[in-house]
Amino acid sequence: MTTETKRFTYTGPAMVSTGEATAILPTETTPPIRIFGTESIRETFDVLCMQQAINSRTAPGVTDLVLNPDAHCGYGAPVGCVMVSPTHIYPGPVGVDIKCSMSLLQLDLPAEAIEDRKTRRALISAICQRTPTGAGRGQRSVPQSRHVNRTLGQQLVVEGASRDVCKALGIPTDWAFRCEDSFHVGHDDSPKSLESRLDELLGRRDMTNFSEKMQQLGSYGGGNHFGECEVVAVGQSDRARDTAKAFGLIDGNVAFLSHCGSRGFGHNLATGQFNSLQTKFVRWGIPLPAGDRQLVYAPLGTDEANDYLDDMALGANFATVNHLLINSLVLEAFREVIPGAQGNLVYFISHNIARKEIVDNRSAWVHRKGATRAMPAGHHSLAETPFAKTGHPILLPGNPRDGSAVMVADDGAAASCFSVNHGAGRVLGRRHAKRVLDQTTVDAELDAGDILSNCRKYPIDEAPAAYKDFNEVLRSVKTAGLASEVARLKARFVIKDASKADD
DNA sequence: ATGTGC
């Protein structure tokens, strides 16, 4: 990972431990950063990551910065941070994959229904046919019954998972209530500005591939994206059991966890914004925060901020419909292999998005870059949702060896701007992982756990050992009072991008 | 993350 941070040098500001949360004390140049991590987790934050945190904290208009236990170097700001500004929007700290998210589908099947390896192989095949992995168009080998034409594409990036869009794609319309946000509006708080912004974009050379990008709907992509079949293990406490019930989780049953984002469409929008803002900063001679062009920003109310907010919403709407369609296709695949199978969406929640929320009694943009919203029971934002009395589900991917987790926020989450981590967090860079990890060991480990995969060789840079200790990450969140565990998810098979397995 | 990179 390279970064262009130059102006600030991290010299290790004094750290004060308050329980498991650690605060960096303000110095002349460094206002406070709230860090959540046990001692061993804090050792995983390298100098570059800390420098990015300081750069982000000291950037114009930023009032809060939270560093979560899964933090590591990112684009401008660390992956695994929350950055709050009432006055500015930062495209880099939203990220290159706008609204990269998690979703969980609960099936009515007991674990025994997929115990047989042949059944799991059949499921892998049925799912891969419908929801392709890897870069590019995401060719499907089943009839394109849910084809996305240009008109529907334009509608869905403006409306998100509206009733009409769901119906057109065969997505159960009530799944919209199981979304953190089922749609995103433009900078004027209406879909109007999205329509006109889309018109403007479609007239430009870099959006001539719009129809092609819409064909990627219902696909995973590559990198850390995945689909994973799980068995749910609800926690032992009364609260875990009650919360699991409210979430619609069924102990001992099969579930399907998905991780993906806005694919090429979101990538186009994000990189288009980075380039355009970086050009303007140079042309207008505006100093870059910490000299890092990855931290370009736009003050709210400017045309630049409005355009970014519109583009972010367009990308986010694509990601939303992408996730819901994937879940619907996965359910269809289950029904093909196990006729009569029923499934319901538990939740769909992002970890790469900026949301307008109330922070310290004023409206601010909360940039969650590899961070998950964590609002507890009674939070005003949940009043109109099915999760007003429990807090919403928090979906945290760990790794196929150690499992994943469903959590729920506690009142202490106010300290982290109502956020937790988004997963385990990288501890080895991709190149590093390929050099030091052994393919045979990685595959043997999954095999020992009877975890099947569509990949003959599991992508080595995605191996569990390339990520932080998931249990220690969760311990950081729990002991800091941010969230509690509701259930663990035990992997039974994993679907990853196999295209680069033989590198 | 990405019609994957100068």
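All values below were derived from every heavy atom in this structure, side-chain atoms included, with hydrogens, water molecules and symmetry-related copies excluded. So that the names make sense, note that chain A is the first sequence line, chain B the second, and so on, each numbered from 1.
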Who pairs with A:Gln154 by side chain to side chain donor-acceptor pair (under 3.5 Å), at least two apart in sequence or on another chain? none
How is A:Gly264 classified with respect to the nucleic acid when contacts are heavy atoms under 4.0 Å: base, sugar-phosphate, or nothing? sugar-phosphate
Exactly one of A:Arg430, A:His432, A:Arg435 clears side-chain hydrogen bond (donor to acceptor under 3.5 Å, both in side chains) with A:Asp461, and that residue is A:Arg430
Heavy atoms under 4.0 Å, any strand shown: does A:Gly95 hit a base, just sugar-phosphate, or nothing? nothing
Between atom CG in A:Asn209 and atom C1' in B:dG3, what is the gap in whole Å? 7 Å
Give me the ring orientation class for A:Tyr297 and A:Tyr90: parallel if the planes are under 30° apart, tilted from 30 to 60°, perpendicular past 60°. tilted
Base, sugar-phosphate, or nothing for A:Gly266, non-hydrogen atoms under 4.0 angstrom? nothing
Length of the line joining A:Arg263:CZ and B:dT2:P, which is rounded to integer Å: 5 Å
In whole angstrom, give the distance that lies between atom CZ of A:Phe265 and atom P of B:dG3. 13 Å
Return the value, rounded to whole Å, for the distance between atom CG of A:Asp497 and atom P of B:dT2. 9 Å
Can you measure A:Phe318 atom CZ to B:dG3 atom P for me and round it to whole angstrom units? 10 Å
Separation of B:dG5 C1' from A:His267 NE2 (nearest whole Å): 12 Å
Counterpart residues, side chain to side chain donor-acceptor pair (under 3.5 Å), relative to A:Ser328 (two or more places apart): A:Arg146
Which whole-number value in Å describes the distance from A:Arg430 CZ to B:dG5 P? 14 Å
Nearest-angstrom distance from the residue atom OH of A:Tyr220 to C1' of B:dT2: 19 Å
